[in-house]
Participant: 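Take this structure, written in structure tokens, and hold onto it; I'll ask about it next.
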Amino acid sequence: MHFQRQKLLAVTEYLPPRPDPPPRCLPRPPGPTQQEDGYVRLLRRQVQEVFRDSRMVAVCQYNSMPDEDMVTMRHYLRKHHIEVKFVLNEIVRPVLEQSKYRNLLPLFVCRNILLVSPETRAKEMLRVLKGIPQVNLLGACIDDTILSRQGVENFARLPSLEASQGQTVGALALLPSQTLSLLQRGPSLLTALLDEHIRRLR
């Protein structure tokens, strides 16, 4: 058979159509959008309450550690009124995206825990975390102010509110006392000079 005829027969050969794939192999048609799970809504509501009711929320990277160490860490933190909250990124991120804490979003990229306190206990928290290398502080929100790790350490070095108020009151009380002593110096000196003059006249 001539080569040209072989090519012509190969091109014009009948190819039966492929059979349709079984229905179970086809992608499912898009159904109605599923409503959000009630448990997910509950967890998100709890996260909102944590950020609303706490003066200090610290974000930490959590690496696996023995259960005994976790119990010990929770015990020492609870002594300073600091609670440990385990959170999932898919729960926290939608909450933060719609709140004023959206600048914390870059911290939630791995396995995280939250250290929550109704008071600003940064110094005590850093003291406890210093002996636990599996928990690394990434940042915190203290009194609606977002701080980095260095910012939290600087905040912990500040004196307490009572000490600052005492220093302010002392500084404010010093100025009137100095003014009073300056105003009394002239009359007292004049009185002393007059007494000395009277004594000499006698």
Side-chain angles (χ1 to χ4, degrees), residues 43-182:
L43 292 177
R44 288 180 180 168
R45 192 179 310 124
Q46 289 177 349
V47 172
Q48 291 174 348
E49 291 174 357
V50 163
F51 278 91
R52 185 182 65 236
D53 302 335
S54 304
R55 292 182 61 191
M56 184 183 78
V57 179
V59 183
C60 299
Q61 179 186 1
Y62 173 71
N63 301 310
S64 60
M65 57 192 297
D67 293 339
E68 300 84 22
D69 295 346
M70 173 56 70
V71 171
T72 305
M73 182 187 77
R74 281 187 154 181
H75 170 70
Y76 284 118
L77 289 173
R78 197 175 291 121
K79 286 171 65 175
H80 302 292
H81 306 287
I82 302 173
E83 293 292 331
V84 179
K85 303 279 186 184
F86 286 87
V87 294
L88 298 173
N89 292 343
E90 54 266 25
I91 300 296
V92 176
R93 293 183 70 86
V95 175
L96 295 181
E97 286 173 354
Q98 302 173 2
S99 69
K100 58 184 177 182
Y101 307 109
R102 63 178 60 91
N103 290 333
L104 287 173
L105 281 172
L107 303 181
F108 291 92
V109 293
C110 56
R111 194 176 179 192
N112 298 103
I113 59 173
L114 298 179
L115 303 182
V116 180
S117 175
E119 306 169 10
T120 56
R121 299 298 183 100
K123 187 181 298 183
E124 294 83 356
M125 177 187 67
L126 291 175
R127 191 182 305 127
V128 173
L129 293 182
K130 190 175 182 180
I132 305 173
Q134 294 90 345
V135 178
N136 302 315
L137 178 65
L138 301 177
C141 179
I142 300 177
D143 285 337
D144 292 336
T145 303
I146 297 175
L147 302 173
S148 63
R149 178 187 176 92
Q150 186 63 43
V152 176
E153 293 175 354
N154 294 338
F155 179 84
R157 295 191 194 101
L158 295 175
S160 63
L161 181 61
E162 292 78 10
S164 301
Q165 290 174 343
Q167 292 175 358
T168 304
V169 170
L172 293 175
L174 181 62
L175 295 175
S177 63
Q178 289 179 344
T179 305
L180 182 62
S181 63
L182 288 175

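Throughout, residue positions are numbered sequentially from 1 according to the sequence presented.
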Participant: Measure the spacing between CG of Leu137 and CG of Leu129 and express it to the nearest 0.5 Å.
Facilitator: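 The distance works out to 6.5 Å.
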Participant: Under the side chain to side chain donor-acceptor pair (under 3.5 Å) rule, collect the residues that match up with Glu83, sequence neighbours excluded.
Facilitator: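 In terms of side chain to side chain donor-acceptor pair (under 3.5 Å), with neighbours along the sequence ignored, Glu83 is linked to no residue.
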Participant: Applying ring pair (Phe, Tyr, Trp, His ring centres under 6.0 Å) as the test, list every pair that has at least one member in residues 97-136; sequence neighbours left out.
Facilitator: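 Every pair satisfying ring pair (Phe, Tyr, Trp, His ring centres under 6.0 Å) with a residue in residues 97-136: Phe51-Tyr101.
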Participant: Could you tell me whether the side chain of Ile132 reaches within less than 4.5 Å of the side chain of Val128, counting heavy atoms only?
Facilitator: yes
Participant: Any pair with a residue in residues 85-104 that passes salt bridge (Lys or Arg N to Asp or Glu O under 4.0 Å), sequence neighbours left out, goes on the list, sorted by first then second residue, please.
Facilitator: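 Counting only pairs at least two positions apart or across chains, the salt bridge (Lys or Arg N to Asp or Glu O under 4.0 Å) contacts touching residues 85-104 are Lys100-Asp144.
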Participant: Are the charged groups of Arg45 and Glu49 less than 4.0 angstrom apart, N to O?
Facilitator: no
Participant: Drop me the distance from Met73's CE to Ile113's CD1, to the nearest 0.5 angstrom.
Facilitator: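 Going from CE on Met73 over to CD1 on Ile113, the span is 4.5 Å.
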Participant: How far does CZ of Arg44 sit from CG of Leu96, to the nearest 0.5 angstrom?
Facilitator: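 Answer rounded to 0.5 Å: 11.0 Å.
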Participant: Only pairs at least two apart or in different chains count here, so list each side chain to side chain donor-acceptor pair (under 3.5 Å) that has a residue in residues 52-64.
Facilitator: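 For residues 52-64: Arg55-Asp143.
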Participant: Salt bridge (Lys or Arg N to Asp or Glu O under 4.0 Å): which pairs involve residues 104-122, sequence neighbours left out?
Facilitator: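 Listed once each, the pairs are Glu119-Arg121.
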Participant: On a heavy-atom basis, which atom in Val84 and which in Leu77 lie closest, and how many Å separate them?
Facilitator: CG2-CD1, 3.7 Å
Participant: Could you walk me through whether Leu114 and Val59 pass the side chain to side chain contact (heavy atoms under 4.5 Å, CB included) check?
Facilitator: CA-CA 5 Å; Leu114 298 179; Val59 183; 3.9 Å; yes
Participant: For residues 68-81, which residue pairs pass the side chain to side chain donor-acceptor pair (under 3.5 Å) check, not counting sequence neighbours?
Facilitator: none
Participant: Return the CG to CZ distance between Asn154 and Arg149, rounded to the nearest 0.5 Å.
Facilitator: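 The distance works out to 11.5 Å.
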Participant: With the side chain counted from C-beta on, respond yes when Leu104 and Val92 share a heavy-atom pair under 4.5 Å apart, and no when they do not.
Facilitator: no
Participant: Hey, what do you get for CG (Asn136) to SG (Cys60), rounding to the nearest 0.5 Å?
Facilitator: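 Taking CG in Asn136 and SG in Cys60, the distance rounds to 8.0 Å.
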Participant: OG1 of Thr120 to CG of Leu158: how many Å apart, nearest 0.5 Å?
Facilitator: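 The OG1 atom of Thr120 sits 10.0 Å away from the CG atom of Leu158.
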